[in-house]
Structures are given as C-alpha cells and as structure tokens.
Amino acid sequence: MLEKINGPEDIKALDKKELEILASEIREFLIEKISATGGHLASNLGVVELTMAIYLTFDLPNDKIIWDVGHQAYTHKILSGRKDYFDDLRQYRGLSGFPKTKESPCDAFDTGHSSTSISAGLGMAQARDIRGEDYRVVSVIGDGALTGGMAYEALNNAARLERNFIIILNDNNMSISENVGGMSRYLSSIRTGYGYNDLKKNVTSILEKVPVAGPALIDKISRTKQGIKQLLIPGMLFENMGITYLGPVDGHNLKQLRRVLQEAKKLDHAVLVHVLTQKGKGYRPAEKNPSRFHGVDPFDIATGKPKKPKDQPGYTDIFSRKLCRLARDREDIVAITAAMPDGTGLKKFAGLYPDRFFDVGIAEQHAVTSAAGMAAAGLRPVVAVYSSFLQRAYDQILHDVCLQNLPVVFAVDRAGLVGSDGETHQGIFDLSYLSSIPNMSIMAPKNLWELQRELEFAVSYDGPIAIRYPRGEAYKGLKEFDAPVIYGKGEILYEEDQIALLAVGSMVSTAEHIREKMKAEGYHVTLANGRFIKPIDYELAARLAQTHDYLVTLEENVLQGGYGLEVTAYIHEHYPGVRVLNIALPDAYIEHGNVSVLREELEIDSDSIIRRIKECFCPARRDVQEESAT
C-alpha cells in the first residue's frame, strides 16, 4: 500500500482493509528507517492512525495542519509524498526531522519548540477570515505541551473565534518523560470519563425506540447536556472556556477518528478533539520504554539497543554526578528541569533527593521564576536546561533573576551545534543573549575536569551564573591544567609568541589541535583558555596583545553579540597594531546534519581555521625568518 502513496490525495483512494495494511506498513517503514538514521521514534509510532485520519478528512495542502513541536510529523511527511527521502532523514541537506515550509507546501508552519501550535493556528485562522479565504486550520498539540503557559494564552483567545478552528489534543500521557502536574491529572480524569460518551450513546439509542415521547426526551436532554457534562466529567475546562470539547476518542481507531473529525468540521467556532494514543505503538521496546525511544541514535531493530553503545561519559553525565556530590554536602542545593530529567542528567538527582527536585513540565518561564523565588528565600537552585529552550525564558532571566542579582545557577546543556535536530535546536545564541543581561556571569569549561570545578564555583557564587557546555562526549585532554576557578579569570595553557589563540568552551580543544598542527609547520602559537565569557578577562587579552602580533578568538556561538567581538573592541581600542581574527558561527539559522559535517561547512573545524589564519595573517614561519636573517 505504501507504494501507492505519492501525494496527499492518494490515501483517499484506499478502502478500509487497505488502510489497515497501510498503517502497519508505515510503522514497519518508520522502524526500519529510524533504526538506520536515528530520529524521533516513539512519538511517530503513536500518531500513525491520527495522521491518516487527518489526511482522509482534510484537503492538504489547501487545509493547514500545524504540528506542535513537529517531531511527530514523520507519517505526515510520508503521506504528503516524501517517503523516498527518508534514507537521508536528519542528514545534512537531507529530509528534516521537523516540518519545514521550504520542504513541502503541506508543511504549513515551521515548528520545533513546544506549546506553539494553537497560537500559530489561531493566527492563521484569523488571517483566513480577514482575507475572506476558505480553508480549514488544524493545530495538533500534545498533552505534554499543555504544561506550557503559551498554550493557555492561545486557548483563551481561540474561544472568541466565530469560524471553524480545530485543535487536536494528542494525549499519550507523555511529553519526553512522563507528564507532571495538575493538567496531567485533569486529563487522566477525562481519560477515565468514557462513561459520559457511552451513556449518551446508550440513552439516545434507547429513547429513539420510545414512540412519540422518545424524540422529545432526546431534545430535552440535548438542551441540558452541559449540565450532564459538568456532572460526569470533572472540570470541563475547555467547555468552560468556550471551546467545544469532543472526546476522548481512541487514537488508533481510524473509523472513530474520521467520524469525530467530520463532526469537528461542522462547528463554526473553536473545537478541541481529545485523542488518546499510545507512544511507541507497534514496536515492543518503544511501548515498554517510550522515554528512551523518544529521540534515538541508530539502533538494532531486534533488540532495540543502540548500534554504537555509549562508552565515554558526556558533559551531561559529568554534570549529573558532580551535582549529586555537591548536594550531598549542601542541603540548600535544589534542582529544576522543564520536562527533561533524563536529557539534562537530573534523573539521578531526583532519585537521591526527591524533595529537592522539581520537574515543572514544559514551562521554562515558570522554571526560571520559581528558581528566582527559591533563591530569594535562601536556597541555591540549579536550573538544568538545553540552550535552545533557555531562550524561551529570556525575560524571566532578565527581570526575575538578574534584576535582583539572585544566586541562580543555569546549567546550559547542548550549547553550540547539536546536529540532527536542526535550526530550532542549535544552541548557538546563548552567549549573545545572556551576555546582554546585567549581573549575569557566564563560564564555559574546556574539559570534564573544568566543568566540575566551575560547578563547585557556581553553587557558591553570590549572583546569577551560567555554565554552558556542549552535547556529547566530554573532552579529556588538557587534564594537567586543572587550576581552581577564579572569578573572571582565564588561563594561558601554552605560551609562545607570534599567534595567540584565545578560545572558550568547546573551542579550546579545537584550538589545541590547531596549535599542534601549526607548531608542526614551524609556527609559534600561544593557547589561552578564556574560561569566563562574562566578565571577560581583559588582563589576559592585554597580556596576549602585548606579546603577539596576531590574535584569534574562537567560540561556538554566533558572532553577533558574542565573545569575539567584545575582545576585538577592547584590542582595537587599546592595541590598534594587533590584528584580530574572530572564529564564530554566522548570523544565520543552521540546518540539521552531523556536527562534524556542519563544523567543516561552517569552517570552524581545525583545518578550516588554520587555512583562515594563514589567509588572514600570512605570517612567515619563525624558522624561515631566522634563516633569512642569517
């Protein structure tokens, strides 16, 4: 059946039996392809029938489907005619793992972060009405995303709409990890509320058989259905907001899904369709452990185990262990995550210190301001969050933490290039936006030992401070340089003359490789670790400028607002004779792909940087100069 699907209308030519076969084939296809490339598996296996029902009910690309986050849109990509591109899923210049408007007209909106689809869909529906156009708008949102406040801002405004707007709540009781909080409990109560719908069907069926009085009784009950709902389904949050609620419906029953979506199309206002799905459905390892199969590297289908087992600890592992050790001796240390205890390394902390661990759900703004409240009341909160998600809480960092100079530690994970998830997940802006905030201090470790030193320093520092570290294996080199952290001070690792490399964070290891290669060619190269991005160690910069003609700054962050430009401004003001080269990322959104490939394309790998240094400075090798002088 899958061979017959080459565009959005093809699924409508299949009969009931063929649709059942197609669902099975799609799951087999997803497991096969993702096992080879990696990607988001469990979430996509859970929405196969739902996506098929959407395609059978609506007319794409005329109708607009907006996927919250978007990592569950693989079946959507298959049905829209992109199945032949899955061999290059999440590879450089290959198929994106998220909706991309430049990729297909069936992708109505670029997504990658959570809790956004209702706002985007509502805006699209309002534009449709103002322009007098005729199409459906459907926003698909997960129950985990309803822990994000932006979703409620959108629901509040959607209730005012006077034309059709459909919100599909994909409820699998999961975000990445298991859902937490009041909304999760509320939805659980609805999941057990099948009795309302069953009762309505049974009562209607019986009354229809009663002569004369039956239809009148049905009409009477229909007019009082709101009271029945209030009685049988706790809260009725959506109905009370003015949004018609339909469901819950079995998200793996294609017939039920099609029927309820057809009903939703008839309404001239906002309607929420509550769909119950199973994350990981159809693949036993993912059903048993949906969190582990949320985002996976290539794996063996038979066992579900990664093809390349993780051998070396990553920065996240080092952070996790060190924080647990620090918390053992300090009862004022608390840890906060926004729905990512596994990804940020806080699961171990949660097990050891459950009373001091807080998973707030997909709610980065609340995470930061609640941390500010804890700090104001005498605790030492550590907020562990991915770089690309921390930017969602910029105002809270500025207004609630830094304005009051509160001692909140930000453990900024996945900083720099993260690879296959692409533009929405690259952590390449944090140095710029954090540096712009008064009272904020920022550190970046050169290796795993320095991360531990910096974390020790951070939990004792009396003010806001961030430690940013990359994804992946922690660097073990430069172990001999394990000096205590002194506020605002960097360090010189190897001192020579001619060219000075001043690097921060992950780029220190790159700079070490550059030095080794250039030294083999006869260049004299100094290597310095900035360590602090804010405040910048200007004394270190001055020392390098006084003894070198050429200075190279290296950072894995966009150039604008970053470390390099600040150093350059200082050097140009005080040492105008020194030439400076900034190695940083371009002012652009960087697409998905293997990190090594991206580094080469962006020319921040060691060989590319050496070439750029030679092109920019062209200094003669010292041994050649001395030979000529002789």
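Keep in mind that this is a model prediction, so the values were computed, not measured. Worth knowing before you read on, the calculation uses all heavy atoms, side chains too, and leaves out hydrogens, waters and symmetry mates.
With no hydrogens or angles considered, no side-chain donor-acceptor pair links Asp317 and Ser320 at under 3.5 Å. For Asp413 and Thr316, the side-chain atoms include at least one donor-acceptor pair closer than 3.5 Å. For the residue pair Tyr92 and Ser596, no side-chain donor N or O sits within less than 3.5 Å of a side-chain acceptor on the partner.
In summary, Glu566 and Lys534 do not engage in a salt bridge, as defined by a charged side-chain N under 4.0 Å from a carboxylate O. The pair Glu495-Arg543 meets the salt-bridge criterion, since a charged nitrogen lies less than 4.0 angstrom from a carboxylate oxygen.
The backbone N or O of Lys100 sits less than 3.5 Å from a side-chain atom of Asp107, completing a donor-acceptor pair.
At least one side-chain heavy atom of Glu103 sits less than 4.5 Å from a side-chain heavy atom of Ser96. Taking 4.5 Å as the limit, some side-chain heavy atom of Met443 sits within range of a side-chain heavy atom of Val485. When side chains are defined from C-beta on, Arg468 counts as touching Asn557, because their heavy atoms get closer than 4.5 Å. Counting heavy atoms from C-beta outward, Thr337 and Val360 have side chains that stay 4.5 Å or more apart. Using a 4.5 Å heavy-atom threshold, the side chains of Arg90 and Asp421 count as touching. At a threshold of 4.5 Å between non-hydrogen side-chain atoms, the residues Ile613 and Leu581 count as touching. Val69 places none of its side-chain heavy atoms less than 4.5 Å from the side chain of Thr111. Looking only at side-chain heavy atoms (C-beta outward), Asn447 and Ser509 stay at 4.5 Å or farther from each other.
Here the CG-CG distance, from Leu323 to Leu346, works out to 6.5 Å after rounding to the nearest 0.5 Å. Leu379 contributes atom CG, which lies 11.0 Å from atom CD of Glu331 (distance to the nearest 0.5 angstrom). For the atom pair CZ of Arg392 and OH of Tyr386, the computed distance is 14.0 Å after rounding to the nearest 0.5 Å.
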Output, in order, the C-alpha distance, side-chain angles, deciding distance and verdict of side chain to side chain donor-acceptor pair (under 3.5 Å) for Thr510 and Arg599. CA-CA 11 Å; Thr510 301; Arg599 288 172 66 88; 2.6 Å; yes
Pair Asp430, Ser387 - check side chain to side chain donor-acceptor pair (under 3.5 Å), show working. CA-CA 6 Å; Asp430 54 83; Ser387 170; 2.7 Å; yes
Phe389 vs Arg414, test: side-chain contact (heavy atoms from CB on, under 4.5 Å). Steps then yes/no. CA-CA 10 Å; Phe389 299 151; Arg414 306 306 200 265; over 6 Å; no
Would Thr568 and Asn582 count as a side chain to side chain donor-acceptor pair (under 3.5 Å) if you check the C-alpha gap in whole Å, the side-chain angles of each, and the deciding distance to 0.1 Å? CA-CA 8 Å; Thr568 301; Asn582 299 131; 2.9 Å; yes
What's the verdict on side-chain contact (heavy atoms from CB on, under 4.5 Å) for Gln498 and Val525, showing C-alpha distance, side-chain angles and the deciding distance? CA-CA 6 Å; Gln498 199 177 35; Val525 181; 5.8 Å; no
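More than 12 heavy atoms of other residues, nucleotides or ligands shown are found within 6.0 angstrom of CD on Glu516. Heavy atoms of other residues, nucleotides or ligands lying less than 6.0 angstrom from NE2 of His399 number 12 at most. Atom CG of Asp329 is surrounded by more than 12 heavy atoms from other residues, nucleotides or ligands within 6.0 Å. Around the OH atom of Tyr85, the shell of radius 6.0 Å holds no more than 12 heavy atoms that belong to other residues, nucleotides or ligands.
Scanning both residues, Ile34 and His40, for their nearest heavy atoms gives CD1-O, 3.5 Å. Minimum heavy-atom separation, Ala145 to Ala151: O-CB, 4.0 Å. The two residues Ala73 and Pro99 have their closest heavy-atom pair at CB-CG, 4.0 Å.
Between His548 and Tyr575, the distance from one ring center to the other does not fall under 6.0 angstrom. Here the two rings, on His592 and His425, have centers that are 6.0 Å apart or farther. Side-chain rings of Tyr494 and Phe481 approach one another, their centers coming within less than 6.0 Å.
Identified under the ring-ring contact (aromatic ring centres under 6.0 Å, His included) test for residues 353-381, with sequence neighbours left out: Phe349-Tyr353.
The side chain to side chain contact (heavy atoms under 4.5 Å, CB included) test applied to Pro470 returns Tyr315, Ser506, not counting sequence neighbours. Residues that satisfy the salt bridge (Lys or Arg N to Asp or Glu O under 4.0 Å) test with Arg330, not counting sequence neighbours, are Asp332. With sequence neighbours left out, Lys517 forms a side-chain hydrogen bond (donor to acceptor under 3.5 Å, both in side chains) with Ser606, Asp607. Every residue two or more places apart in sequence or in another chain that forms a salt bridge (Lys or Arg N to Asp or Glu O under 4.0 Å) with Glu496 is listed here: Arg515, Lys519. Every salt bridge (Lys or Arg N to Asp or Glu O under 4.0 Å) that Glu450 has, sequence neighbours left out, goes to Lys446, Arg531.
His574 and Tyr570 have tilted rings, their planes meeting at an angle from 30° to 60° on a 0 to 90° scale. Between Tyr487 and Phe457, the ring planes lie parallel to each other; the angle is under 30°, not in the 30° to 60° tilted range.
Screening Lys347, Arg292, Lys348 for a salt bridge (charged side-chain N to carboxylate O under 4.0 Å, His left out) with Asp342, the sole residue that qualifies is Lys347. Residue Asn529 forms a side chain to side chain contact (heavy atoms under 4.5 Å, CB included) with just one option from Asp537, Val508, Ile492, and that option is Val508.
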